[in-house]
Amino acid sequence: LYQPQVSLKNGSIIGLEALIRWNHPHKGLLGASEIIPVAEDSGLIIEIGDWVLRETCRQLQEWQSQGVALVPVAVNVSAMHIKKLQFCQNIAAIMHACGISADLLEIEITESVLQSEDSCISTLDQLQDLGIVIAIDDFGTGYSCLSSLKLLPINKLKIDKAFIQGLPTDKNDVAITESIIAIAKTLDMRVIAEGVETAAQLAFLKQHHCDEVQGFYYFTPLPASDIRTLLTRQALNDPH
């Protein structure tokens, strides 16, 4: 499924996040929180990650062939996956095979990757050299490494929904969210808040100059066919 990311400047869809789901034969539709821990423990996370990257690029290729006005799609990559040999070469090969330009793909990593060995840092440099945007997912929930933020090729911070839920009344959530936005702005990074569900949360984020939001207030995760409809409608309504 794909969840739209919305600009707070004009309310347009400016990106998507690819979200994995598994239709279990007995338990029904399972989300990432139920799938990923098992995949990591079993070692299947790399195969799943490769599949998600291929499927995302394939879907972008399909939309492109249908004349859809494309926006970048973010894909979550685990620390285990990013350590894989020839990770960047594989991504480059997938994009080339699908005819997808690098500016249509974003890679989301968790803060744990920032604690990893130099090979991960080298991989991030290679990804940025390819022209791929790198975002830190769930920022503030892991071992936040501010010195790494200063040095690494990070383009975007995602504020975890745990800090958004209490806005604008919880003083701790307010302080943390304000600080993350300030850090991002100072380091010339874009900042996106995930898990936005209420008008009050949205108003707070607008007031504090957050760039983008993602959450049920605007859109739930949607199948590709619905995304195609949304992007087509948006292009038709664009006065430019």
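Position 1 is the first residue of the sequence, and the numbers go up from there.
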With sequence neighbours excluded, tell me which residues meet side-chain contact (heavy atoms from CB on, under 4.5 Å) with [X].
{"X": "A224", "result": "Y2, Q59, W63"}
{"X": "R21", "result": "L1, L19, L29, P221"}
{"X": "V174", "result": "L167, E178, F204"}
{"X": "I176", "result": "F163, I180"}

Task: Exercise: do Q5 and Q214 side chains pair donor with acceptor under 3.5 Å - done: yes
Show me the side-chain donor-acceptor pairs of residues 193-200 shorter than 3.5 Å, one per line, residues at least two apart or across chains.
from, atom 1, to, atom 2, distance (Å)
E194, OE1, K158, NZ, 3.3
T198, OG1, Q201, N, 3.1

Task: Pair L53-I107, side-chain contact (heavy atoms from CB on, under 4.5 Å): steps then yes or no - done: CA-CA 10 Å; L53 284 166; I107 296 296; 4.0 Å; yes
Open item on the list: Would I109 and D137 count as a side-chain contact (heavy atoms from CB on, under 4.5 Å) here? Give the steps.
Closed with: CA-CA 6 Å; I109 60 174; D137 195 17; over 6 Å; no
Crowding at [atom1], [X] (>12 non-hydrogen neighbours, <6.0 Å):
{"X": "K161", "atom1": "NZ", "answer": "no"}
{"X": "D188", "atom1": "CG", "answer": "no"}
{"X": "H24", "atom1": "NE2", "answer": "yes"}

Nearest-0.5 Å distance that lies between atom [atom1] in [X] and atom [atom2] in [Y]:
{"X": "M189", "Y": "D211", "atom1": "CE", "atom2": "CG", "result": "12.5 Å"}
{"X": "I91", "Y": "L105", "atom1": "CD1", "atom2": "CG", "result": "6.5 Å"}
{"X": "D125", "Y": "L130", "atom1": "CG", "atom2": "CG", "result": "11.0 Å"}
{"X": "C88", "Y": "I132", "atom1": "SG", "atom2": "CD1", "result": "7.0 Å"}
{"X": "N76", "Y": "I36", "atom1": "CG", "atom2": "CD1", "result": "8.0 Å"}
{"X": "Q64", "Y": "L60", "atom1": "CD", "atom2": "CG", "result": "8.0 Å"}

Open item on the list: Listing request: all side chain to side chain donor-acceptor pair (under 3.5 Å) pairs with a residue in residues 31-47, at least two apart in sequence or in separate chains.
Closed with: none
Task: Carboxylate-amine/guanidinium contact R228 E62, below 4.0 Å - done: no
Task: SB check E106 R190 (cutoff 4.0 Å) - done: yes
Closer than 3.5 angstrom, by distance alone: can the side chain of [X] be matched with the main-chain N or O of [Y] as a donor-acceptor pair?
{"X": "N155", "Y": "I134", "value": "yes"}
{"X": "D173", "Y": "G166", "value": "yes"}
{"X": "K206", "Y": "K9", "value": "no"}

Group every Ile, Leu, Val, Met, Phe, Trp and Tyr by side-chain heavy-atom contacts under 4.5 Å, then state whether [X] and [Y] land in the same group.
{"X": "F216", "Y": "L16", "value": "no"}
{"X": "L187", "Y": "L127", "value": "yes"}
{"X": "I192", "Y": "I14", "value": "no"}
{"X": "V73", "Y": "W51", "value": "yes"}
{"X": "V191", "Y": "V133", "value": "no"}

For residues [X] and [Y], determine if any side-chain heavy atom of one lies less than 4.5 Å from a side-chain heavy atom of the other.
{"X": "I46", "Y": "M80", "value": "yes"}
{"X": "H81", "Y": "I48", "value": "no"}
{"X": "Y218", "Y": "I13", "value": "no"}
{"X": "L205", "Y": "L8", "value": "yes"}
{"X": "V6", "Y": "Y217", "value": "no"}

Which heavy atom in [X] sits nearest to a heavy atom in [Y], and how many Å separate them?
{"X": "I100", "Y": "Q61", "result": "CD1-N, 3.6 Å"}
{"X": "P153", "Y": "Q128", "result": "CB-OE1, 2.9 Å"}
{"X": "L30", "Y": "I35", "result": "O-CD1, 3.5 Å"}
{"X": "A74", "Y": "E108", "result": "CB-OE2, 3.4 Å"}

Task: Stepwise side-chain contact (heavy atoms from CB on, under 4.5 Å) test for L222 and L230 - done: CA-CA 10 Å; L222 298 166; L230 284 173; 3.6 Å; yes
Task: M95 vs S101, side-chain contact (heavy atoms from CB on, under 4.5 Å): CA-CA, chis, key distance, verdict - done: CA-CA 7 Å; M95 290 191 302; S101 59; over 6 Å; no
